[in-house]
Amino acid sequence: MIMSVDFKKIEKKWQERWEKARLFEANPDEREKFFITAAFPYLNGVLHAGHLRTFTIPEVVARFQRMKNRNVLWTFGYHVTGTPILGLAELIKNRDEKTIWAYTQLHGIPEEDLLELTTPEKIVEYFSKKAEEAFKRMGFSLDWRRNFKTSDEVFTKFIEWQFYKLKEKGLIVKGSHPVRYCPSCDNPVEDHDILIGENATLVEYTLIKFTTEDNCIMPMATLRPETVFGVTNVWVNPEATYVKAKVYLEKETDKGVKLIDNGIWIMAKECAKKLKHQNRKIEIIEEFKGEKLVGKKVKNPITGKEVPILPAKFVKTNIGTGCVMSVPAHAPYDYIALRDLGLVDKIGLIPLIKLPNYGKFPAKEIVEKMGIKSQEEEDKLEEATKKIYKEEFHKGVLNENCIGYEGLAVREVKDKLTKDLIEKGLAEIMYEFSEEKVVCRCGCPCMVKMVKGQWFIKYSDEKWKELAHKCIDRMKFIPENLRQVFHEKIDWMKDKACVRRRGLGTKFPFEEGWVIESLSDSTIYPAYYTIAKYINQYNIKPEQLTLTLFDYVFLGKGNIDEIEKETGISKDIIKNMREEFLYYYPVDWRCSAKDLIPNHLTFYIFNHVAIFPEEHWPRGIVVNGYVTIEGKKLSKSKGPVLPVLEVAEKFGADVGRFYITTCAELPQDADIKFKEMENTKKVLERIYFLTKEVADRKKTEKVNEELTYIDQWLLSVLNKAIKQYSEFMDNFELRKAGILIYQLLDNLKWYKRRGGDNLNVLEEFLEVLIKLMCPFTPHICEEMWEMLGKEGFVSTSKFPNVNEDFINEEIEKGEEYLKAVIEDIKEIINVAKVKPRKIYLYTADDWKYDLLKIIKENEGKTIKELMPIIMKESKFRKYGKEIPKVVNQLIKNNAELINEVKVLENAKEFLKREFDVEDVIINGEDKANKKRHALPFKPAIYLE
RNA sequence: GCAGGGGUCGCCAAGCCUGGCCAAAGGCGCCGGACUUAAGAUCCGGUCCCGAAGGGGUUCGGGGGUUCAAAUCCCCUCCCCUGCACCA
């Protein structure tokens, strides 16, 4: 007969009972609170295996903390703002084949349902229902009264408030920013719009404004602005086309774009074309070949030095301005070009960087060392350039030629110098792609375009960053190395464009026609959870949620009577909201997968520190790794997806929960293997039937109250496990907690093998085991709890106390010892190929125990230090030769001091059974002179 | 390039912080045994090499070092993964 458990039936039964008992609704009380959140899901599909992992982790922890008598707030919202849902609606409306395939085949949506989803609203409605169903089927212990979608009008009022707060602090600013742009499509392009060069990033070139004799500006494009101190000449490409043009800067003001006269520039024709898109208006005056410039002089704006314009074919006009500074002391290209012209001596080299292991002129040195002959050897030149660049960047220090910057490291000076030059009006920034070719899907080459009139959140603000760092210093991170990662992300953060022209979202309150971008509207929403219950239950209208109300609830500002009048919300409710916020905030733990580190989680910290007082800053972040399925990466469009509902259907909620949280350590990527999931199911079934057996036997059998040796051992192991489990769970080490459960099952196996069968002990064991398993597999645990005749829900039962009295190291070591003895006997049987009739066991001589005692008393000492201590005692002298060897072995074997004879005597019958021998003789006649080999914790063995 | 993570006995994966209980947990796979009419499940045992007494040998990406002792600490080196933004 195949024994199986109807998981689905059990799950349904308990989910209904929990819901009826409103078991997981959280309300403030006198207990300690525990507020845990996960980054809510974006609903352009069903919840998948990745969500399952990220959400089940906090779910399990929430259940654990609840059993620890914490008042746990654990709930969810749905993220629906942004463009993907909009895009999906269009695809479905257009009956896009690929989309229909993916959603019917991978997401498991029936085609007739899917084809209906032609508007964003329908999609949101449909997938939020699906998500709720998935959460419920998995037995999540959520407070559903607090659920919301980011498109809810009441929620958008909250986002509006958030933006007013940021604006008040000067953190919402208007400006322009560079994007990758296709002139043919007249649209910014995203990664997936790009045919060639999708990895291209934007690179900032510094344009240093040299001036010609007739007062024109010749901007030198460079990635190494610090080398301006060593310019000996400048290069132009004699064959390329250059222009002279009037340049204006387009400056944004509240009243629109203002043009500022920026002088007359000389630059490559291509450059002029590009700069038009980068906040500059350009009127071309004349066009000419580069050779026309050769021989003229320009003035270095930093050093004031006049240098000649020389021709060089290596100068590219498709990058930068087509005008290049020549720094032959440090740039191999420049040195070679100068040498090719035969002008090295005449022009001279100006060193500006001191570099260890190099002389005054690193470029000259490396060119000579590599034997580069001319400009034609481009590969070698590239290599030399890279090498020098790298070394100078990491190890170089500016020398005395760099007035005002001497002594600074190259890596530090770059940004500073650029900033200084821009401030003084001596330089500007120009953007280029990091790759030469970037082509749009339409086939047209892309360019960099400055988008004007964009609104930003000013994450670059130094004071703001300081607060964020401060917050990070105080937070807890799991894993701990995240702290450093976040510090770095904060430093690296620049302003973020926070509004869009299309997509779902909150209307931007400070200018018509914009929608708040979707990463910016989901930063402080855990605060909303604390009051969502009131908004949902009392059906509070969006217009009642005024700025002053939120100010009062979240910041404690304002007069409650006036707010009552203004909003029409009763004073009691407002007060409750405020109190509930104060009770639950801050968030104790925020959980997410690692993809949200550089964006959402960083914004989460930023926005909290900007808006809330310190006591409400985030306390902790937990980040888990990704999920793969049978080694394959998840993909919403190509599969595999493994919807959560499919897991519930095929394996059951408990199996899915337990497996996904324990199959990999938290920061590691987890690979789902269906075979292993099946095994998890079998384990749960075995526990179920074991419980059933014990429950049944309890009804009829008499219980032996007396505790045997092995009963005591099991209770010791059990109580120790409670302790360890608790520590693991506090630290989100769910896999370790899971392994502990498996180990307990192994212990139980051993207990039975050793003849343990005390019903009271078994029941005690199961009761604890069920409680330890409950956060992971709550349904089957409730079922077993009921089976054992326990009161109430195990889900809300108290976590077991550790009974220190039962923890018995001596007994545990004894069993460890016994297992080792069995191993040894087996080994001998194996190697000697004997089938013994009798087993003789000999424990060590007393002096060896004395030795062990000394070793134990001097733990931490090295062997070298140990020897004199031992030899001081005369009784050891006669074993002098043997002592070092024995000491070594004792340390190596990790020997323990226990009453070995007692353990062996107690296990005599057991050993006889195990090895099927007539007799086990302890310290009997010394057969074959074996006894002398005995060591403490490692008896001598003779088989007959 | 910068930053973070990783490379362990067929595969997956612990151990590394806090050096000796490490030939290195656990799972999968494979082999053998018990149970069974049989299969499955379960239980027991084996799974780097050698070994007729519990032992020995060679292993933890590669090279070097520290130490009585290194998978674990230090230095160098090779390889893999992820992120570097306006996309959720």
Side-chain angles (χ1 to χ4, degrees), chain A residues 1-4 39 41-44 79-85 177-180 188 190-192 199 201-202 386 389-390 393-394 434 451 454 456-457 459 479-482 484-485 488-489 492-500 503 517-520 522 594-600 602 625-626 631 636 663-665 667-671 673 675-676 679-680 682 685-686 735-736 738-739 742-743 746 749 752-753 816 820-821 823-834 836 862-864 866-867 884 888 890-896 914 928 930 933 937-943:
Chain A
M1 190 184 74
I2 297 164
M3 305 254 272
S4 69
Y42 185 77
L43 289 186
N44 63 342
H79 198 201
V80 302
T81 39
T83 50
I85 286 179
H177 77 126
V179 295
R180 294 178 298 191
E190 292 165 17
D191 278 356
H192 58 264
N199 292 322
T201 55
L202 298 182
K386 268 193 185 150
Y389 182 95
K390 204 170 150 185
F393 182 78
H394 291 287
S434 59
V451 175
Q454 177 60 269
F456 292 89
I457 300 180
Y459 288 125
E480 169 60 34
N481 73 335
L482 286 177
Q484 186 203 338
V485 173
E488 264 158 25
K489 293 297 165 201
W492 157 89
M493 195 67 80
K494 295 179 199 154
D495 292 350
K496 171 166 175 62
C498 63
V499 293
R500 290 295 116 86
E517 175 273 336
S518 63
L519 283 174
S520 304
S522 53
K594 62 184 175 193
D595 51 336
L596 299 188
I597 293 170
N599 41 69
H600 165 71
T602 303
Y626 295 129
K636 281 186 186 179
C663 69
E665 307 223 339
Q668 241 61 49
D669 291 347
D671 187 31
K673 299 193 185 86
K675 167 92 191 171
E676 287 181 3
N679 287 346
T680 302
K682 282 175 199 160
E685 281 176 336
R686 234 183 301 153
R735 180 176 163 86
K736 286 188 181 163
I739 288 173
Y742 281 112
Q743 280 168 352
D746 280 347
K749 231 166 27 184
K752 291 189 155 178
R753 189 165 156 191
E816 208 182 296
V821 171
E823 283 297 310
D824 277 350
I825 296 173
K826 263 185 206 155
E827 170 109 19
I828 297 168
I829 291 174
N830 257 331
V831 176
K833 300 193 172 52
V834 292
T862 64
I863 293 176
K864 260 185 185 164
L866 219 49
M867 280 330 233
N888 249 313
L890 289 176
I891 289 173
K892 196 179 165 223
N893 296 346
N894 197 34
E896 298 284 356
E914 283 285 310
K930 283 281 173 194
H933 296 300
F937 219 63
K938 193 167 177 69
I941 299 164
Y942 177 73
L943 304 181

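Fair warning: this is a prediction, and the values are worked out from it, not measured in the lab. Naming: A, B, ... by sequence-line order, numbering from 1 per chain.
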- Message: Does any part of the side chain of A:L596, heavy atoms only, come nearer than 4.5 Å to the side chain of A:N599, both counted from C-beta?
- Response: yes
- Query: Is there a side-chain contact between A:I828 and A:Y942, using heavy atoms and a 4.5 Å cut-off?
  - Reply: no
- Query: In whole Å, what is the span from the CG atom of A:N830 to the P atom of B:G46?
  - Reply: 7 Å
- Note on the structure: RNA chain B nearest-nucleotide lookup for A:V80 and A:Y626: closer to the 5′ end is A:Y626
- Message: Base contacts versus sugar-phosphate-only contacts with protein, heavy atoms under 4.0 Å: please encode nucleotides 50-56 of chain B as B, S and - from 5' to 3'.
- Response: -BSBBS-
- Message: Need one value for A:N44: base, sugar-phosphate or nothing, where a base atom within 4.0 Å counts as base even if backbone is also close, heavy atoms only.
- Response: nothing
- Set of residues satisfying side-chain hydrogen bond (donor to acceptor under 3.5 Å, both in side chains) with respect to A:D595, sequence neighbours excluded: none
- For A:K682 and B:G40, give me the distance from atom NZ to atom C1', rounded to whole Å. 8 Å
- Item | Beyond-backbone contact of A:K736 with A:I739, side-chain heavy atoms, under 4.5 angstrom | no
- Could you measure between the two C1' atoms, the one in B:C2 and the one in B:A71, and give it in whole Å? 30 Å
- Message: Could you tell me the Watson-Crick or G-U partner of B:C17, where both distances fall under 3.5 Å? Say none if there is no partner.
- Response: none
- Query: Just how far, in rounded Å, is P of B:C87 from NE2 of A:H177?
  - Reply: 8 Å
- Task: Report, as a single string ordered 5' to 3', how protein heavy atoms within less than 4.0 Å touch nucleotides 5-13 of chain B: B base, S sugar-phosphate only, - not at all.
- Result: S------SS
- Nearest whole angstrom, please: distance from the P of B:U82 to the CD1 of A:I597. 15 Å
- Query: Under 4.0 angstrom, heavy atoms only, what part of the nucleic acid is A:D495 near: base, sugar-phosphate, or nothing?
  - Reply: base
- Kindly indicate whether the side chain of A:K496 and the base of B:C86 share any N or O donor-acceptor pair separated by less than 3.5 Å? yes
- Can you find a heavy atom in the side chain of A:K594 that is under 4.5 Å from one in the side chain of A:D669? yes
- Under 4.0 Å between a side-chain N/O of A:S522 and OP1 or OP2 of B:A88, yes or no? no
- Expected output: side-chain A:T81 to main-chain A:E517 donor-acceptor under 3.5 Å: no
- Mind checking what makes ring pair (Phe, Tyr, Trp, His ring centres under 6.0 Å) contact with A:F456, not counting sequence neighbours? A:H177
- Nucleotide nearest A:I739 (side chain, heavy atoms from C-beta), chosen from B:A25, B:C43, B:G29: B:A25
- Query: Contact class for A:H600 (heavy atom, under 4.0 Å): base, sugar-phosphate, or nothing?
  - Reply: nothing
- Query: What does B:U59 pair with, Watson-Crick or G-U, if both distances are under 3.5 Å?
  - Reply: none
- Does B:G40 pair with anything, Watson-Crick or G-U wobble, both distances under 3.5 Å, and if so, with which nucleotide? none
- Taking the P atom of each, how far is B:A13 from B:G32, in whole Å? 29 Å
- Message: Rounding to an integer number of angstrom, what distance separates B:C75 and B:C17 when you compare their P atoms?
- Response: 14 Å
- Testing B:G83, B:A88, B:C28 for proximity to the side chain of A:K675, the answer is B:C28
- Message: Could you tell me if the side chain of A:I941 sits less than 4.5 Å from the side chain of A:K930, heavy atoms only?
- Response: no
- Atom P, compared across B:G55 and B:A23: separation rounded to whole Å: 11 Å
- Once you apply the 3.5 Å cut-off to both distances, tell me the Watson-Crick or G-U wobble partner of B:C35, or none. none
- Message: Give me the distance, rounded to whole Å, that separates B:C73 from B:C16 when you measure between the P atoms they each carry.
- Response: 9 Å
- Message: Expressed as a whole number of angstroms, how long is the span from A:N679:CG to B:G40:P?
- Response: 14 Å
- Side-chain N or O of A:K749 closer than 4.0 Å to phosphate OP1/OP2 of B:C44: yes
- Base-pairing mate for B:G51 - Watson-Crick or G-U, with both contacts under 3.5 Å: none
- What is the minimum heavy-atom distance between A:A39 and A:H600, and which atoms define it? CB-CD2, 4.3 Å
- Task: Just name whichever nucleotide pairs with B:C11, Watson-Crick or G-U, keeping both distances under 3.5 Å, else none.
- Result: B:G27
- Item | Gap in Å between the two P atoms, one belonging to B:C43 and one to B:C28, rounded | 10 Å
- Rounded to whole angstroms, how far apart are CD on A:E914 and P on B:A34? 17 Å
- Roughly how far apart, to the nearest Å, are B:G10 and B:G46 at atom C1'? 15 Å
- Task: Name the residue closer to the 5' end of RNA chain B, choosing between A:E896 and A:W492 according to the nucleotide with the nearest heavy atom.
- Result: A:E896
- Message: Given B:A88, B:A3, B:G29, identify the nucleotide with an atom nearest to the side chain of A:S518.
- Response: B:A88
- Query: Taking the same atom, C1', in B:C48 and in B:U8, what whole-Å distance lies between them?
  - Reply: 13 Å
- Across all chains, not counting sequence neighbours, the side-chain hydrogen bond (donor to acceptor under 3.5 Å, both in side chains) partners of A:R753 are A:E914
- Message: Strictly by Watson-Crick or wobble contacts shorter than 3.5 Å, is anything paired with B:A3, and which nucleotide is it?
- Response: B:U82
- Message: According to ring pair (Phe, Tyr, Trp, His ring centres under 6.0 Å), who are the partners of A:Y42, at least two apart in sequence or on a separate chain?
- Response: A:H79
- Task: For the residue pair A:R500 and A:T83, establish whether any side-chain heavy-atom pair is separated by less than 4.5 Å.
- Result: no
- Query: Can you tell me how far P of B:G26 sits from CD of A:Q743, to the nearest Å?
  - Reply: 9 Å
- Message: From CD of A:E517 over to C1' of B:A85, roughly how many Å is that when rounded to an integer?
- Response: 10 Å
